[in-house]
**Student:** 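I am attaching a structure below and will ask some questions about it afterwards.
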Amino acid sequence: KIRLTHRSIEQYLVNKIHKIIAKDTQNIKKINFGTKSQLAKLIASENITVQHNQVKTASFDTLNRILTLPIFKVESGDVYDMLIAHECAHALWTPTDGWAKIADDNELRSYVNVLEDCRIDKKIQKKYPGVVRNYLNGFDIMDDQDFFGIKDKDINNDLMLIDKINLYYKSSKRLPF
C-alpha cells in the first residue's frame with residue numbers, strides 16, 4: 001500500500017518537470033536557415049538575397065538588396081525572427097537614396113540609423129503583429145547574453161542619449177530611463 005502525501009506528490013511533479021526540461025534542452029532544434037531565408041523573402045515582399053555569415057549582427061544592404069544574418073553560438077528562433085523582421089523592415093521602408101546622402105558622415109549615419117530603426121520597428125510590428133512577441137523575447141534573450149554590453153553599466157548615467165533611445169525602443173519601451 002502506497003501512501004500519497006502532499007509532499008510526495010509535490011516531489012513527484014518537481015522530478016517530472018526536471019526530466020522534461022532536461023529532455024527539452026537536449027533536443028533543442030537547430031535553426032533551419034533555408035526556412036528563415038524564405039521567411040525573410042516573404043516579409044520583404046521581394047526576392048532579396050539572404051546570407052548567413054559570421055558577423056556580429058544582422059544588416060540589410062538597401063542598394064544591393066542583401067540581408068545578412070549572423071550565425072550565433074546559441075540559436076534562438078525569436079532572435080532570428082526579430083532580426084529578420086527588423087532588417088526586412090529596412091527593405092520595405094528605408095529609402096536607399098536617403099542613406100547615400102549621408103554615406104560619408106559615420107556619426108550622422110549612426111544617429112539617423114537609431115531613429116530609422118525606431119520608425120521601421122513600429123511599422124513592421126503594425127504590419128505583422130505576430131512579430132511583437134519575437135521582439136520581446138528576442139531582446140530579452142540578447143540582453144541576458146549581454147549582447148548590448150550594458151550588464152555592468154548604469155544605463156541612466158553611463159550611456160549617451162542616443163544609446164538610451166536605441167535601447168529603449170529595442171526593448172519595446174521596457175527599459176527604465
**Student:** If you measure from CG on Asn32 to CD on Gln38, what distance do you get to the nearest 0.5 Å?
**Tutor:**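 One gets 10.0 Å once the value is rounded to the nearest 0.5 Å.
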**Student:** Grouping I, L, V, M, F, W and Y whenever their side-chain heavy atoms are under 4.5 Å apart, do Val112 and Tyr168 come out in a common cluster?
**Tutor:**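 Looking at the clustering, Tyr168 is in a separate group from Val112.
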**Student:** Under the rule for side chain to side chain donor-acceptor pair (under 3.5 Å), what residues qualify as partners of Asn106, not counting sequence neighbours?
**Tutor:**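 Asn106 satisfies side chain to side chain donor-acceptor pair (under 3.5 Å) with no other residue.
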**Student:** For residues 50-62, pull every pair meeting salt bridge (Lys or Arg N to Asp or Glu O under 4.0 Å), keeping only residues two or more places apart or in separate chains.
**Tutor:**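 Applying salt bridge (Lys or Arg N to Asp or Glu O under 4.0 Å) to every pair that reaches into residues 50-62, excluding sequence neighbours, yields nothing.
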**Student:** Starting from Leu161, can I reach Leu167 by hopping between I/L/V/M/F/W/Y residues whose side chains sit under 4.5 Å apart?
**Tutor:**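 Yes, one cluster joins them.
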**Student:** Report the residues that fulfil salt bridge (Lys or Arg N to Asp or Glu O under 4.0 Å) with Lys41, sequence neighbours left out, ordered by chain and then residue number.
**Tutor:**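 Testing Lys41 for salt bridge (Lys or Arg N to Asp or Glu O under 4.0 Å), a comparison that skips the adjacent residues, returns none.
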**Student:** Which pairs count as ring pair (Phe, Tyr, Trp, His ring centres under 6.0 Å) when at least one residue sits in residues 38-66, sequence neighbours excluded?
**Tutor:**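 Only Phe33-His52 qualify under ring pair (Phe, Tyr, Trp, His ring centres under 6.0 Å).
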**Student:** How long is the straight-line distance from CD of Gln125 back to CE of Met82, given to the nearest 0.5 Å?
**Tutor:**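 If I round to the nearest 0.5 Å, the distance is 10.0 Å.
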**Student:** Do Val131 and Leu136 belong together in a cluster built from hydrophobic side chains that touch within less than 4.5 Å?
**Tutor:**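 Different hydrophobic clusters.
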**Student:** Does CG belonging to Asp146 count more than 12 external heavy atoms closer than 6.0 Å?
**Tutor:**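 For Asp146, atom CG is crowded (more than 12 foreign heavy atoms under 6.0 Å).
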**Student:** Go through it in stages, so that I can follow the logic: the residues are Thr49 and Leu67, the test is side chain to side chain contact (heavy atoms under 4.5 Å, CB included), and I'd like the CA-CA distance, side-chain angles, deciding distance and then a yes or no.
**Tutor:** CA-CA 6 Å; Thr49 300; Leu67 168 60; over 6 Å; no
**Student:** When you compare the side chains of Asp121 and Tyr135, does any donor N or O come within less than 3.5 Å of an acceptor on the partner?
**Tutor:**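 Asp121 vs Tyr135: donor-acceptor pair found between side chains.
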**Student:** Is there a path of hydrophobic side-chain contacts, each under 4.5 Å between heavy atoms of I/L/V/M/F/W/Y residues, joining Val132 to Val79?
**Tutor:**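 No, separate clusters.
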**Student:** For Thr57, what residues pass the side chain to side chain donor-acceptor pair (under 3.5 Å) criterion, not counting sequence neighbours?
**Tutor:**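 Not a single residue meets the side chain to side chain donor-acceptor pair (under 3.5 Å) criterion with Thr57.
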**Student:** For the hydrophobic clusters of this structure (ILVMFWY residues joined by side-chain heavy atoms under 4.5 Å, transitively), does one cluster hold both Leu83 and Leu42?
**Tutor:**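 As far as the 4.5 Å side-chain criterion goes, Leu42 and Leu83 are not connected within one cluster.
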**Student:** With sequence neighbours left out, write down each residue that passes salt bridge (Lys or Arg N to Asp or Glu O under 4.0 Å) with Arg133, or none if nothing qualifies.
**Tutor:**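 Applying salt bridge (Lys or Arg N to Asp or Glu O under 4.0 Å) to Arg133 gives none.
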**Student:** According to salt bridge (Lys or Arg N to Asp or Glu O under 4.0 Å), does anything in residues 158-177 pair up with another residue at least two apart or in another chain? List the pairs.
**Tutor:**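 Only Asp117-Lys170, Asp140-Arg174 qualify under salt bridge (Lys or Arg N to Asp or Glu O under 4.0 Å).
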**Student:** Sequence neighbours left out, what passes ring pair (Phe, Tyr, Trp, His ring centres under 6.0 Å) with Phe148? Give chain and number order.
**Tutor:**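 Here the qualifying residues are Phe139.
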**Student:** State which residues pass side chain to side chain donor-acceptor pair (under 3.5 Å) with Arg119; sequence neighbours excluded, sorted by chain then number.
**Tutor:**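 Once residues adjacent in sequence are excluded, the partners of Arg119 under the side chain to side chain donor-acceptor pair (under 3.5 Å) criterion are Glu116.
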**Student:** Under the rule for ring pair (Phe, Tyr, Trp, His ring centres under 6.0 Å), what residues qualify as partners of Phe72, not counting sequence neighbours?
**Tutor:**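 Phe72 satisfies ring pair (Phe, Tyr, Trp, His ring centres under 6.0 Å) with Tyr80 only.
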**Student:** Hey, does Ile120 have a side-chain heavy atom less than 4.5 Å from the side chain of His90?
**Tutor:**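 A side-chain contact under 4.5 Å exists here.
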**Student:** Please identify each residue that fulfils side chain to side chain contact (heavy atoms under 4.5 Å, CB included) with Thr68, with sequence neighbours left out.
**Tutor:**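 Side chain to side chain contact (heavy atoms under 4.5 Å, CB included) list for Thr68, sorted by chain: Gln51, Asn53, Val55, Ser59, Ile66.
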**Student:** Which pairs of donor and acceptor atoms, one on a side chain in residues 95-105, lie under 3.5 Å apart (sequence neighbours left out)?
**Tutor:**
{"residue": "Thr96", "atom": "OG1", "partner": "Thr62", "partner atom": "O", "Å": "3.1"}
{"residue": "Asp105", "atom": "OD1", "partner": "Glu107", "partner atom": "N", "Å": "3.4"}
{"residue": "Asp105", "atom": "OD1", "partner": "Leu108", "partner atom": "N", "Å": "3.1"}

